[in-house]
Amino acid sequence: MNSAVRPLRTPRRRGSQAAVAALAVAALATACGGGDAADGGDADSDDEVTIEFMQWWEPELPDGALAGLIDEFESENPGINVDLLSGPYASIKDQVIAGSASGTMPDVLGLAGSWVHDFATQGSIANLTDTMAEYGYDDSQLGAQVRVDGSAYSIPVVNFAYPMFVNNTLLEEAGVEVPTTRSEFADAAQQITDSTEASGFVAALGLEQPNGIQIDIMPWNWASGGTMLTEDGGPAADNEDVRDTVAFIKELWDAGVMAPGGLTMAEQDKVEEFTNGRVAMMVSSLAHINLIRESSPDLDFSVVPMPVTEGYTGESGVRYAEWGIGMSAGTEHPEESWKLIEFIMSEQANGELSSFANGFPGNVNVTPDLEDADPLFRDAFEIWQAGYPASEFTGLPLADELMRVFDQELQEVLAADKPIDEAMAAVQEEWSGTF
């Protein structure tokens, strides 16, 4: 692709859960931020500093891609060294939460939109509006900023659409076309389940990481123009659109077309089911294209728009997630940390990173180079352009808890036949208290 992809230079480049776990141990041991050398860490020389950059991006990128960009940054900024701390999304989330509680956040960190409100109100991540003003940064080049009380605390680096992934071989074996409506989807899922050894659909609804609500459930609502919020941003979990969406998922569940074990699955489990050909259709991130290609290079799959309700002709909301970036409020190296963020958001680096990730750039001056891109990325870009971004949990207070409440009630609907009206009324009551 380009020279930014090259072998990992040193062991510190290679993302590992061990590195993340080690940071957590150090965090609990020191209970203070910034990696002060006086507390027993390795001291930087007088003219060099080392900053830690924790993220889940590296395992989802081609080997060496992120390390190559960090090499470029270090070459352009002599005296600043970067330690990459990498691991799966769920592990990184756990460690960032632990770091926030103990005051041992890494200097620079990847952030999901649903985390930002809580970390900002806890005072553990820096106010980037103030930081950008301090260093004279022109934020007009940023496509978006995740704000809390009017100030930015996270900058979306790469945006990922979440279309429907379909296993073309299984659809062909079952004799069905790519579904465009919910009823077509239900029929196709039933035919696949009945005539192949695979399940028609999979949803990861484990309560430990309840983000399946925003990945596998609510995209059905947003695709048909639905919302879960009032016009002023309040909760509307019990409106007709949301109830209809839950009823549709219940229909799939009762028909036996959903993969078994979904109520305890995490997102990576769901992707593995699809990658191994045990599921025909799933909602997932474009970031997983690389993982699927590497794990199952012979798998014939496509990305297609989310099916909509019968008769819907408006624009579709396209669920997206971002690789956001922020910095610790307690970093001892704010200038160097900001330089890394500024570099990552620069046109060249942001363009390269978004291309590696099969995502859409966060810098508005970057146009995706689709000429040599994976064909699925070009298909996804058409889906993205035809709809509008939808991710209503981003920036909400206690977003994970909101999803967990919804997930608990949904599990009652699916596994215990709890009436949908009763379940969604309970969600609305809990959400109203949180808001």
Do any N or O atoms from the side chain of Ser100 and from the backbone of Ile97 form a donor-acceptor pair under 3.5 angstrom? no
Say you draw a straight line from CD of Gln214 to CG of Asn221; how long is it, rounded to the nearest 0.5 Å? 13.5 Å
Kindly state whether the ring of Trp222 and the ring of Tyr388 have centres lying under 6.0 angstrom apart. no
Under 3.5 Å donor-acceptor, Glu392 side chain and Met228 backbone: yes
Are the side chain of Arg404 and the backbone of Leu207 linked by a donor-acceptor contact shorter than 3.5 Å? yes
Shortest non-hydrogen contact from Val366 toward Gly351: CG1-CA, 3.6 Å
If you apply the rule side chain to side chain contact (heavy atoms under 4.5 Å, CB included), what do you find for Glu74 with Val82, and how did you get there? CA-CA 8 Å; Glu74 290 178 338; Val82 180; 3.9 Å; yes
More than 12 non-hydrogen atoms from neighbouring residues, nucleotides or ligands closer than 6.0 Å to CD on Gln348, yes or no? no
Output a table of donor-acceptor pairs, distance under 3.5 Å, between side-chain atoms of residues 377-384 and any protein atom two or more places apart or on a different chain; print 'none' if there are none.
from   : atom 1 : to     : atom 2 : distance (Å)
Arg378 : NH1    : Leu370 : O      : 3.1
Arg378 : NH1    : Ala373 : O      : 2.9

Backbone N or O of Pro235 within a donor-acceptor pair of the Gln428 side chain at under 3.5 Å? yes
Is there a donor-acceptor contact under 3.5 Å linking the side chains of Asn290 and Glu60? no
What is the ring orientation for Phe301 with Phe165, classed by angle as parallel under 30°, tilted 30 to 60°, or perpendicular over 60°? parallel
Kindly compute the distance separating CD1 (Ile125) from CG (Leu109), expressed to the nearest 0.5 Å. 7.0 Å
Would you give the length of the straight line joining atom CG of Asp400 to atom NE2 of His117, rounded to the nearest 0.5 angstrom? 13.0 Å
Hey, can you pull the donor-acceptor pairs under 3.5 Å for the side chains in residues 146-154, sequence neighbours left out?
from   : atom 1 : to     : atom 2 : distance (Å)
Arg147 : NH1    : Gly150 : O      : 3.2
Ser151 : OG     : Asn127 : ND2    : 3.2

Could you tell me whether the side chain of Ile325 reaches within less than 4.5 Å of the side chain of Ile344, counting heavy atoms only? yes
In this structure, are over 12 heavy atoms from other groups packed under 6.0 Å from Glu76 atom CD? yes
Is there a donor-acceptor contact under 3.5 Å from the side chain of Asn350 to the main chain of Pro361? no
Ser199 side, atom OG; Ile192 side, atom CD1 - distance, nearest 0.5 Å: 10.0 Å
Answer yes or no: is there a side-chain heavy-atom contact under 4.5 Å between Val49 and Asn81? no
Examine the side chains of Asp300 and Asn168 and answer whether a donor and an acceptor come within less than 3.5 Å of each other. yes
Is the centre of the Tyr320 ring less than 6.0 Å from the centre of the Phe160 ring? no
Give the C-alpha distance, both sets of side-chain angles, the deciding distance and a yes or no for side chain to side chain contact (heavy atoms under 4.5 Å, CB included) between Leu111 and Phe119. CA-CA 10 Å; Leu111 290 168; Phe119 293 147; 4.0 Å; yes
Say whether, by atom type as modelled, one donor and one acceptor occur between the side chain of Asn239 and the main chain of Val242 under 3.5 angstrom. yes
Can you see whether Arg293 engages Thr275 through a side-chain donor-acceptor pair at a distance of less than 3.5 angstrom? no
So, do Trp57 and Leu353 sit near enough that their side-chain heavy atoms are less than 4.5 Å apart? yes
Would you mind reporting whether Asn167 and Met281 have side-chain heavy atoms less than 4.5 Å apart? no
Polar contact flag, side-chain donor to acceptor under 3.5 angstrom, Ser337-His333: no
Verify whether the ring centers belonging to Tyr162 and Trp220 lie closer than 6.0 Å. no
Within the 4.5 Å heavy-atom criterion, are Trp338 and Glu134 side-chain neighbours or not? no
Does some side-chain heavy atom of Thr309 sit less than 4.5 Å from a side-chain heavy atom of Thr181? no
Does Glu273 pair with Lys270 as a salt bridge, N-O distance under 4.0 Å? no
If you round to the nearest 0.5 Å, how far is CD of Gln145 from OG1 of Thr129? 5.5 Å
What are the two closest heavy atoms between Ser140 and Asp138, and how far apart are they? OG-OD1, 2.8 Å
Under the side chain to side chain contact (heavy atoms under 4.5 Å, CB included) criterion, do Tyr137 and Ile341 qualify, and how do the steps go? CA-CA 11 Å; Tyr137 182 77; Ile341 295 174; over 6 Å; no
Between the CD atom in Glu272 and the CD1 atom in Ile292, the distance rounded to the nearest 0.5 Å is 11.5 Å
Please check if the side chain of Thr331 supplies one atom and the backbone of Met327 the other of a donor-acceptor pair under 3.5 Å. no
Stepwise side chain to side chain contact (heavy atoms under 4.5 Å, CB included) test for Leu410 and Ile213: CA-CA 9 Å; Leu410 177 61; Ile213 296 300; 4.0 Å; yes
Looking at side-chain heavy atoms only, is the closest gap between Arg182 and Thr245 below 4.5 Å? yes
Go through the side-chain N and O atoms of Glu347 and Asn363 and say whether any donor and acceptor fall under 3.5 Å apart. no
For Glu429, does the CD atom sit with more than 12 other heavy atoms under 6.0 Å from it, leaving out its own atoms? no
Between Gln55 and Ser86, is any side-chain donor less than 3.5 angstrom from a side-chain acceptor? yes
Taking the side chain as every heavy atom from C-beta outward, state whether Leu142 and Met345 have any atom pair closer than 4.5 Å. yes
